[in-house]
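The structure appears right after this line, and notes come after that.
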Amino acid sequence: MARYDHRAIEAKWRERWERDGIYEIDVDGAQRPFYNLMMFPYPSAEGLHIGNVFAFTGVDIFGRYMAMRGYDVFEPFGHDAFGIHSENFALKQNVHPMTLIRNNINNFRGQMKQLGTRIAWSHEVDTTDPAYYRWTQWIFLQLFKHGLAEKRLAPVNWCPSCKTVLADEQVIDGHCERCSSEITHRSLEQWFFKITSYADRLLKNLDWIDWSEVVKTAQRNWIGRSEGLEMSFPVEGSEESISFFTTRPDTIFGVTFMVLAPEHPLVERITTSDRRAAVEDYVAQAMRKTAVDRQTMERTGVFTGAYAVNPLNGDRVPVWVADYVLITYGTGAIMAVPAHDERDFDFARQYDLPIKVVVAPPGWSGGELSGAYTGAGVLVNSDEFDGIESKAAAEAIIAKLERDGSGKHQVTYRLRDWLISRQRYWGTPIPIVHCQACGPVAVPEEQLPVVLPYVEEFRPTGTDKSPLASVESFARTTCPSCGREARRETDVCDTFLDSSWYYLRYPSTEYDDRPFDAELTKKWLPVSNYIGGKEHSVLHLLYSRFVTMALHDMGFLEFEEPFQRFRAHGMLILRGAKISKSRGNIVTPDEYFESHGADTLRAYLMFAGRYEEGGDFSDQGIEGVYRFLNRVWDLVQRYRAQEAAEGPLPIEAQRLVHRTIRKVTEDIGELKYNTAIAALMEYSNDLQHRPALNSEEVRTFLLLLAPFAPFMAEELWEQIGGAYSIHTTSWPQADEELAREQEVAVAVQIDGRTRDVIQIAAGSDEEAALQRARESARVQRHLDGKRVVRTIYVPDRLINFVTASEG
RNA sequence: GCCGGGGUGGCGAAACGGUAGACGCGGCGGACUUAAAAUCCGCUGUCCCGUCAGGGACGUGUGGGUUCGACUCCCACCCCCGGCACCA
């Protein structure tokens, strides 16, 4: 009997599938389109690691299943190859990123083919290819033309080690996401996309899109909508007034001081001359601080010498500057209510400022507070609003202020505009020309792409300029509008822009005159099934939604949400740590391809635990899955050698076939691959013990196995004379009638303890079941001397005799 | 601190409020073998009683609760993982 030789079989089918193009698809002619998308990876030099393999296998299984269900499954793949990652690595290796990336991509493609994915390679994209980034630039221009992109001076996060600006999301705990250096602040001219104009819609649509709840929650928090009051207090003896936002208008009578962020423009204008030196000193110091310092150091601040007046009660309150107030949120200024806000309370303690209670804490008897009371309650010391409960008072106060025009109900978001500019080399050039006369001018669309020049010296300059700024042949140009000499924008785009639209590109890769074809887009999008890691919950996924929404509003897309269904897979970790190059714990699939084969690796990774949970990778147990596949192999060899004509499938065997079909089908639909594989194992264990095998069973088994172990399933399918290819053969249909059990095991409990298990006919009525239960000797023994006061009957499941406690 | 997700045998894990531990790893015993590997068969949550047959108690992070019945629902708490974090 031939042994299972995974190397030979996998090589054989890899070649044949590729030659026949069975995973390619007629994107124009498809009748039942199903767009199955996996998050494209950054093609690192190390190649695919086990975490990628885990993620992609789960997507591929779903795609294979849907294809067998009769859908025209389009499963593309690409490379998110721009960015600091490659650039830093290229610098270290002293290779040009262009060379490096080309090699890496070839390597990735090879590994994905080895893994046995059903990818339509003719639609591959590479974000660093001018044919791709031409359209990234086109998207930039559309946003620019519609007023959604603008350049403005902004305080930015600066990583002194990567020598670049980072988006807020790329700053983790005040440290650079990539190199962990501490972040400092700078003020630079930067391009922004106004994602904040879409905050409300981005939030609202979360109510109906079919996404993993985790991701929706993360996005809701990230958008951070809050409602409250916006108003301003005039500054005494000046024309200025300080506008602020608060979610607690009910505490407005408790304001005892105000605070401006150090960067606030009013600081300079209202500071009194005697305080100027101290204030300037403080502001300079605050700007120098790193994000970490700002967070961990104790409350600091300085008095400006100015006073503001609370128009509600005429209170004169001092105006301070303190770095616990952020310029990036709300108006960059606050009304401080120390009695009812912890930060304000701490600050008031620190600088001996008054604390005035205006919301009575429960059981409060008018004494001093030992800490801020931030809960709701009944108002005191608030004039006409005394005695009203917080919520009603807040509404009443807003209403009053709106009536006299001095304040208004306001919604504020935590979400900030998307900072696009990067002062680096390895990215999509921003397609803008700066003209002395005309200002920033869009590069005409017919002149795209603005090609990223090949530059030997691509090292970051350490200034606030991109290396492209010193490439005269690139930077010097003429203004598309007035024809005078002008300079190109030399910053490049954040890589999140590259990945914010790639799913729009895949179906249309054959067109080089448009980013995405209208007809194809209509046919294939929104994406039917998108699976990726939760680490992209708020970055990639939110930006993609924004770009899609904006393109929708411009009339380019009919839908406003790009991903109909999104599921987050779990993260595979290694010995408790995230798998990453920097941790030096990369495990590649290659050794497993060699030792056990792709089929075993795929099935093992999916079997080890829940796909949506992830877990700690260890190859303990991979032998078990390998043994399973070997048993399947041997089983089919035995079937082929079988001489006797097969009889009809016995009823018990038929039942198992249909129960397994049902179980595997349901589980794949819910991405519960681990239990689907367990069901296949149970099935094969049963087949193992049959004296003879029946063709229906063997065929069905192979069909169910196909998504998990595509190579072996194909090989065995051929061996039993199945028509090529198993992967285009229909998924088996469970017959509910046949799947139904005739006899069921019913647990018999006395007072909730199982005392016996009886076999009775499925669907027995209560009377019959109880009678059978009482016949059991064990049950009788336990019931002896007891009085049954109640019986519970759960059909086909259990019987519970409840006895009187006194016996 | 806030928001998610978890905590079940030696290990990875299953389990519509209804027989906890499916499936697999590991371990133990056996068959085959000169022997070993591979393969196959059986056993394998803990404790107690029993020579066997068998029987019993306990058991899903901790403590309460609801229920005939709780891994599952409710309340309080502990621990681990992930994300966010001075957001006014």
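Just so it is clear, the values below take in all heavy atoms, side chains as well, and ignore hydrogens, waters and symmetry mates. First the proteins, then the strands, lettered A, B, ... as listed; each starts at 1.
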Go through B:U19, B:A22, B:A88 for me and flag the one nearest to the A:Ile334 side chain. B:A88
Identify which nucleotide among B:U19, B:A88, B:C3 has an atom closest to any side-chain atom of A:Asn221, counting heavy atoms from C-beta outward. B:C3
For A:Asn674, report the nucleic acid contact type (base, sugar-phosphate, nothing); a contact means any heavy atom under 4.0 Å. sugar-phosphate
For the pair A:Lys216 (side chain) and A:Leu206 (backbone), establish whether a donor and an acceptor sit closer than 3.5 Å, ignoring hydrogens and angles. yes
Counting only side-chain heavy atoms from C-beta out, which of B:G12, B:G6, B:G4 sits nearest to A:Ala608? B:G12
What does A:Ser226 touch in the nucleic acid at a heavy-atom separation under 4.0 angstrom: a base, only the sugar-phosphate, or nothing? sugar-phosphate
Does any N or O in the side chain of A:Arg797 come within less than 3.5 Å of the main-chain N or O of A:Ala747, such that one atom is a donor and the other an acceptor? no
Once each nucleotide of nucleotides 65-73 of chain B is scored for protein heavy atoms under 4.0 Å, what B/S/- sequence comes out, 5' to 3'? ---B-----
Does a nitrogen or oxygen in the side chain of A:Thr675 sit under 4.0 Å from OP1 or OP2 of B:C23? no
Looking only at side-chain N and O atoms, does A:Arg755 come under 4.0 Å of OP1 or OP2 in B:G56? yes
Hey, does A:His536 reach any base, or is it just sugar-phosphate, or nothing, if we go heavy atoms under 4.0 Å? nothing
Both distances under 3.5 Å, Watson-Crick or G-U wobble: report the partner of B:C40, or none. B:G30
Could you check whether the side chain of A:Arg299 and the base of B:C86 have a donor-acceptor pair of N or O atoms closer than 3.5 Å, going by distance alone? yes
Are any of A:His782's side-chain N or O atoms less than 4.0 Å away from OP1 or OP2 of B:G56? yes
Within less than 4.0 Å of OP1 or OP2 of B:A85, is there a side-chain N or O belonging to A:Arg414? yes
Would you measure the distance from the C1' atom in B:C49 across to the matching atom in B:U39 and give it in whole Å? 40 Å
Touch check for A:Ala745, heavy atoms < 4.0 angstrom, all strands: base, sugar-phosphate only, or nothing? base
Rounded C1' spacing from B:G26 to B:C74 in Å: 39 Å
Could you measure between the two C1' atoms, the one in B:C23 and the one in B:U34, and give it in whole Å? 37 Å
Searching all strands shown, indicate the nucleotide that pairs with B:G1 (Watson-Crick or G-U wobble; both distances under 3.5 Å). B:C84
In this structure, how many angstroms lie between the P atom of B:G1 and the CG atom of A:Asp346, rounded? 15 Å
Shortest side-chain distance from A:Val757, nucleotide among B:C84, B:C25, B:U19: B:U19
On the ring face of A:Trp222, is A:Arg545 found with NZ or CZ under 6.0 Å from the centre and within 45° of the axis? no
Working note: A:Arg662 + A:Glu736, criterion salt bridge (charged side-chain N to carboxylate O under 4.0 Å, His left out); need CA distance, chi angles, decisive distance, verdict. CA-CA 8 Å; A:Arg662 187 173 64 190; A:Glu736 283 305 319; 2.7 Å; yes
Residue whose nearest RNA chain B nucleotide is more 5′ - A:Asp341 or A:Ile573: A:Ile573
Using the C1' atom as the point on both nucleotides, what is the distance between B:G17 and B:G5, in whole Å? 22 Å
Would you call A:Arg659 and A:Glu741 a salt bridge, using N to O less than 4.0 angstrom? yes
Do A:Phe347 and A:Phe257 make the cut of ring centroids closer than 6.0 angstrom? yes
Is there a Watson-Crick or G-U wobble partner for B:G12 with both distances under 3.5 Å, and which nucleotide is it? B:C23
Rounded distance in Å between the C1' positions of B:G61 and B:U8: 10 Å
Roughly how far apart, to the nearest Å, are B:A36 and B:U44 at atom C1'? 25 Å
B:A57: pairing nucleotide in any strand, Watson-Crick or G-U under 3.5 angstrom: B:U46
Just N and O in the side chain of A:Arg778: are any of them under 4.0 Å from OP1 or OP2 of B:G55? yes
Does B:G64 count as syn, meaning its glycosidic angle lies within 90° of 0, or as anti? anti
Nearest-neighbour nucleotide for the A:Arg627 side chain, B:C25, B:G4, B:A88 considered: B:C25
Looking at B:C40, B:C3, B:G18, which one has an atom nearest to any side-chain atom of A:Leu798? B:G18
For a quick test of reading the model: is some side-chain N or O of A:Arg753 closer than 4.0 Å to OP1 or OP2 of B:U19? no
Between A:Arg797 and B:U19, is there a side-chain N or O to OP1/OP2 distance below 4.0 Å? yes
Answer yes or no: is there a donor N or O on one side and an acceptor on the other, between the side chain of A:Thr304 and the main chain of A:Val319, under 3.5 Å? yes
With rounding to the closest Å, how many angstrom separate the P atoms on B:G42 and B:C47? 25 Å
With a non-hydrogen cut-off below 4.0 angstrom, is A:Arg220 in contact with a base, only sugar-phosphate, or nothing? nothing
Identify whether any heavy atom of A:Arg781 sits under 4.0 Å from a base atom; if not, whether one sits that close to sugar-phosphate; answer base, sugar-phosphate or nothing. sugar-phosphate
Applying a 4.0 Å non-hydrogen cut-off, can you work out what A:Ala218 is touching in the nucleic acid: base, sugar-phosphate, or nothing? nothing
Does a nitrogen or oxygen in the side chain of A:Asn685 sit under 4.0 Å from OP1 or OP2 of B:C23? no
For A:Val794, report the nucleic acid contact type (base, sugar-phosphate, nothing); a contact means any heavy atom under 4.0 Å. base
